[in-house]
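Every chain is numbered from 1 and lettered A, B, ... according to where its sequence line falls, protein lines coming before strand lines.
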There are 2 protein chains.
Amino acid sequence: MTVHDQLSASLEDYLEAIYNLSSDNRIARAKDIACQLRVARASVTGALRTLAQRELINYKPYGYITLTERGRRLAWKIVRRHQILNYFFAQVLGVETTAAQEAACRTEHTLGPEVTTRMTAFVEFIRRKQADGQDLGQSFQQFWSLLREG
Amino acid sequence: MTVHDQLSASLEDYLEAIYNLSSDNRIARAKDIACQLRVARASVTGALRTLAQRELINYKPYGYITLTERGRRLAWKIVRRHQILNYFFAQVLGVETTAAQEAACRTEHTLGPEVTTRMTAFVEFIRRKQADGQDLGQSFQQFWSLLREG
DNA sequence: TAATATAGTTAGTCCGGGCTAACTTTGCAA
DNA sequence: TTGCAAAGTTAGCCCGGACTAACTATATTA
């Protein structure tokens, strides 16, 4: 079984989309996955088959799509990573929200576990400082403005 | 002409390798590119052709490989991005050097221009603070140790 | 319940970018 | 100067992951 392998960037995206759609509201529909990932419906089918055979989702042709326990755990990690990066890009670097989102989408697949955990801690570190009245994002963004305008 | 297009991650790697090899010492040899990127010699040939037709390198079969002016400028940006990330991973997050290098290699291709410039500024910002006796990397790494050990 | 719209799948194609095997060119050493 | 090893190229293959077109299943609603 190829069950333990790393997922490709593309498969991570599918898994993440399924996670988001199924928690957002109801059921993850292939149509919506396609739409969210801006991909043809036909491409979704292939990805679903692969995810199913890696035992990350439960999937039968024309049936409902649900995450397995393994799938849910993995998806959660992926989503988490995404959020961390997004926070860093948006709140610390001050990148505009949709650009930050897009960057996070692209970058999230390349961080190894080492960098991910440290990055997570770093964001936590920054949040604490902020709670202590020391807003790093803000003071960087001041610096940034000076660079730009001044 | 496809001359203005974005390069794929893989082509960026080739360009970067050529840049490094030709500044490191002498001439960028296909053999060394292959070795550095851990790729078969045959794969290099294809990449060289593509880079040549995008006017980023001067290349004739069996000839020397040199960067064009455009190629050099672009390669420089790529190398720069790599260094910035590497600094951030190693000096700020405290990731061990070779792991930081590897992460930088994977991540560098996904940062858009917006994030890249801000990231560059962020690293500069941190350096300044460090010069002022406020070492963010160090204080984060203290925090990190507490998380781990404490 | 039958007709049709919508969702999903299949088949077949393409493209990037790897690979190996076999061939050609180049360059060094006898 | 020739003769062989090393470097480079070509041809042909594979794989992942997109696509379109055409088909099938499902759902809606008249």
Take atom CG of A:Leu7 and atom P of D:dG17, then tell me their distance rounded to the nearest Å.
9 Å
Within the supplied structure, the quantity of interest is the number of heavy atoms (other residues, nucleotides, ligands) at a distance under 6.0 Å from A:Gln83 CD; does it exceed 12?
yes
With respect to the phosphate group of D:dG17, does any side-chain polar atom (N or O) of A:Ser43 fall under 4.0 Å of OP1 or OP2?
no
Heavy-atom nearest nucleotide on DNA chain C for B:Ala42 versus A:Arg29: which residue maps closer to 5'?
A:Arg29
Without decimals, in angstroms, what is the distance between B:Tyr59 OH and C:dT25 P?
13 Å
Check this for me, if you would: do B:Glu102 and B:Arg106 make a salt bridge, where the nitrogen-to-carboxylate-oxygen distance has to be below 4.0 angstrom?
no
Without decimals, in angstroms, what is the distance between A:Ile33 CD1 and C:dA7 P?
13 Å
From the set C:dT10, C:dT9, C:dG17, return the single nucleotide nearest to any side-chain atom of A:Tyr62.
C:dT9
How would you label the contact of B:Ala30 with the nucleic acid (heavy atoms, under 4.0 Å): base, sugar-phosphate, or nothing?
sugar-phosphate
Within this structure, what is the CZ-to-P distance between A:Arg54 and D:dG17, rounded to whole angstrom?
8 Å
Between B:Val39 and A:Arg41, who's closer to the 5' end of DNA chain C by nearest nucleotide?
A:Arg41
How would you label the contact of B:Ser8 with the nucleic acid (heavy atoms, under 4.0 Å): base, sugar-phosphate, or nothing?
sugar-phosphate
Does A:Tyr64 have a side-chain nitrogen or oxygen under 4.0 Å from the phosphate oxygens OP1 or OP2 of C:dA7?
no
Rounded to whole angstroms, how far apart are CD1 on A:Ile27 and C1' on C:dT6?
16 Å
For B:Ile65 and C:dT26, what is the distance between atoms CD1 and P respectively, to the nearest whole Å?
14 Å
Are A:Arg118 and A:Glu114 within salt-bridge range, i.e. N to O under 4.0 Å?
yes
Between P of C:dG16 and CD of B:Gln6, the distance in whole Å
15 Å
note: B:Arg38, atom CZ; C:dG17, atom C1'; distance rounded to Å ~ 18 Å
Would you say a side-chain N or O of B:Tyr14 is under 4.0 Å from OP1 or OP2 of C:dG18?
yes
OP1, OP2 of C:dG18 versus side-chain N and O of B:Ser10: anything below 4.0 Å?
yes
Nearest-0.5 Å distance, CG of residue A:Asn58 to CG of residue A:Leu48
11.5 Å
Donor-acceptor pair, distance only, cut-off 3.5 Å: does the side chain of A:Thr68 make one with the backbone of A:Leu56?
yes
